Protein chains: 2
Amino acid sequence: MALRHAVLAALLDAELSGYQLAKSFGMGVANFWHALPQQLYAELARLEKDGLVAGREVVQDSRPNKRLFTVTGAGLAELERFTAETAKPSFMRDDLVVKVHSADHVDTAPLIAQLTERAGFARAKAELFTRLLEAMRGSRTEEEFLRRGERVGPYLTCLAGLAYEQVNQQWCERTAAVLRERQAARADR
Amino acid sequence: MALRHAVLAALLDAELSGYQLAKSFGMGVANFWHALPQQLYAELARLEKDGLVAGREVVQDSRPNKRLFTVTGAGLAELERFTAETAKPSFMRDDLVVKVHSADHVDTAPLIAQLTERAGFARAKAELFTRLLEAMRGSRTEEEFLRRGERVGPYLTCLAGLAYEQVNQQWCERTAAVLRERQAARADR
DNA sequence: GGCTTCATGTAAGTGGTTACATGATTGG
DNA sequence: CCAATCATGTAACCACTTACATGAAGCC
């Protein structure tokens, strides 16, 4: 039950619809959790039923109507409770890493391609995060913003996303380079 | 269906029992995937039924008997197929990051404690990985080993684990420091 | 006239976690 | 003598993914 809290945390900064949440969580700004639209609609329904969020219908013309959600008092209390609870360790689970583990026993050409592609995605995400951070801190320096800004939570999670994507990119590039070099050396013999 | 391939990849280097696999995957050397013992026993049964691994009974006295597993030809072919298949993106999903996102709205004391604890674990894991890498490359330099070593897959995945734990540690420490400082500043007013 | 965006879901399936069960041996 | 290690599982539950469904408006 962690998606619940991710949704609550996302709704702290803005009143959003399921569709808008889906965009953040699906990719793009999803710097702290990932989820598909179906999951979000289902979770919002459950949260509303439990009184942790409140939805209000917004009528639009030339667009389908939508429901915007806000965190209730009970919702904030639930987040508070969750945050205090001891965190379970998080684990790395990545197909690509499994593939690299068996690199010496299989054809490396498609692996190199996947590593290169992944490096590109990571780089794009890192750039996006860099811009988001700039937007959040405005004219202030990072130090200054983190000391006196009113809302640093999203900034700190964005820093986590940035660091994560940067090492991801570096590792993918280096691994691809190593495998390429070994492939070339094999071809020589 | 990714645990399958993680198990196959782990069995490339050694003939292991479910129990031994469980130790690697549960923590410690689990530098490339995480799984609980129950999952592994179930997965090994499925893999054997499908002919991707072969088990042999080893009778022991003064210890319960065990079954050691090896990858079959079909298993290797399956790994080959899996490695060539285009990889899906991997996503960050971490309770602690969700908690930090809502840091401005909740009591930060327990959060700081969790971040500090997590930093400690990350540091311990990073040190373990450093030692594993040294053991794998022996007297060679990293450059040299990656160029001419016979088995670099596990080395590369261990490098991924090391980088991951290092940024994890740094982020946790910095985030804890930021939250501590803000807590102190609030107490002053 | 067809593709993307807005907007919201249902249903079936797979994969992972939590809880529980058993039993012998070694080490402090 | 009590805890940890070796060794293997079953059962129930929860979370996430894949596939499918619907419909109007705007954009090239």
Side-chain angles (χ1 to χ4, degrees), chain A residues 1-8 15-28 30 33-50 53 55-69 82 85-95 98, chain B residues 1-8 15-28 30 33-50 53 55-69 82 85-95 98:
Chain A
M1 254 195 251
L3 175 59
R4 308 208 87 175
H5 305 104
V7 170
L8 288 172
E15 200 182 15
L16 297 170
S17 68
Y19 186 81
Q20 290 171 301
L21 277 170
K23 273 200 303 184
S24 306
F25 279 74
M27 225 246 67
W33 199 266
H34 172 261
L36 299 164
Q38 306 93 300
Q39 261 180 290
L40 290 164
Y41 286 114
E43 194 60 55
L44 282 169
R46 253 171 282 152
L47 283 164
E48 195 178 21
K49 193 196 65 189
D50 298 346
V53 303
R56 70 179 176 95
E57 185 90 16
V58 173
V59 181
Q60 301 180 114
D61 38 69
S62 88
R63 282 261 166 266
N65 296 347
K66 60 180 171 184
R67 308 197 63 221
L68 296 180
F69 295 90
F82 167 72
E85 161 184 299
T86 66
K88 27 196 117 150
S90 94
F91 298 108
M92 200 190 211
R93 245 178 216 155
D94 187 343
D95 281 11
V98 174
Chain B
M1 251 195 250
L3 175 59
R4 304 209 94 179
H5 305 105
V7 170
L8 288 172
E15 199 183 14
L16 297 169
S17 66
Y19 186 81
Q20 290 171 301
L21 277 170
K23 273 200 302 184
S24 305
F25 279 74
M27 225 244 67
W33 200 266
H34 171 260
L36 299 163
Q38 306 93 299
Q39 264 180 288
L40 291 164
Y41 286 114
E43 195 59 56
L44 282 169
R46 253 172 282 152
L47 283 164
E48 194 177 23
K49 193 197 65 190
D50 298 346
V53 302
R56 69 178 177 96
E57 184 91 15
V58 173
V59 181
Q60 301 180 113
D61 39 68
S62 89
R63 281 265 167 261
N65 295 348
K66 60 180 171 183
R67 306 199 63 221
L68 295 182
F69 294 90
F82 166 72
E85 160 183 303
T86 66
K88 23 195 122 150
S90 94
F91 298 108
M92 201 191 209
R93 245 175 215 157
D94 186 343
D95 280 10
V98 174

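Chain A is the first sequence line, chain B the second, and so forth, proteins listed ahead of strands; every chain is numbered from 1. Please read these numbers as outputs of a predicted model, since none were measured by experiment.
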Between dC6(D) (C1') and K23(B) (NZ): distance, integer Å: 9 Å
Nearest listed nucleotide, side chain of K66(B), among dC6(D), dA7(C), dT8(D): dT8(D)
Net bend of the helix from dG1(C)-dC28(D) to dG28(C)-dC1(D), end axes of five pairs each, nearest 10 degrees: 50°
Residues in side chain to side chain contact (heavy atoms under 4.5 Å, CB included) contact with A2(B), at least two apart in sequence or another chain: D95(A), W33(B)
Under 4.0 angstrom between Y19(B) side-chain N/O and dC6(D) OP1 or OP2: yes
With E43(A) via side chain to side chain donor-acceptor pair (under 3.5 Å) - residues at least two apart: R4(A), R46(A)
Any protein N or O atoms within reach of nucleotides 22-28 of chain D? Criterion: under 3.5 Å, listing atom names and distances.
{"unit_1": "dA25(D)", "atom_1": "O3'", "unit_2": "S62(A)", "atom_2": "O", "d": "3.4"}

Residue list, side chain to side chain contact (heavy atoms under 4.5 Å, CB included) with R67(A), at least two apart or on another chain: E48(A), E57(A), F69(A)
Reported CG-to-CG distance for the pair L36(A) and L3(A), which is rounded to 0.5 angstrom: 10.0 Å
Integer-rounded Å distance: dC6(C) P and Q20(A) CD: 9 Å
Sugar-phosphate or base contact per nucleotide [nucleotides 13-22 of chain C; S, B, -; heavy atom under 4.0 Å]: --SSBBB---
L68(A) CG to dA7(C) C1', straight-line distance once rounded to whole Å: 12 Å
Contact summary for L68(A) and Q20(A), nearest pair of heavy atoms: CD2-OE1, 3.7 Å
Interatomic distance where OH belongs to Y41(B) and C1' belongs to dC6(D) [whole Å]: 8 Å
Length of the CG-P vector between L21(B) and dT5(D), whole Å: 18 Å
Separation of atom CD in Q60(B) from atom C1' in dA24(C), rounded to whole Å: 12 Å
With E85(B) via side chain to side chain contact (heavy atoms under 4.5 Å, CB included) - residues at least two apart: R81(B), F82(B)
Distance, rounded to the nearest Å, where N65(A) contributes CG and dT5(C) contributes P: 21 Å
Exercise: identify the closest heavy-atom pair between L40(A) and A22(A): CD1-CA, 3.3 Å
Side-chain polar contacts of residues 58-66 of chain A - donor-acceptor pairs under 3.5 angstrom, sequence neighbours left out - could you list them?
{"unit_1": "Q60(A)", "atom_1": "NE2", "unit_2": "P64(A)", "atom_2": "O", "d": "2.7"}
{"unit_1": "N65(A)", "atom_1": "OD1", "unit_2": "Q60(A)", "atom_2": "N", "d": "2.9"}

Ring pair (Phe, Tyr, Trp, His ring centres under 6.0 Å) involving Y19(B) - partner list, sequence neighbours excluded: none
Residue pair D94(A) / S90(B): nearest heavy atoms and the distance that separates them: OD2-OG, 3.5 Å
For E15(A), all residues meeting side chain to side chain donor-acceptor pair (under 3.5 Å), sequence neighbours excluded: R56(A)
d(NE2, H5(A); P, dA15(D)) in whole Å: 10 Å
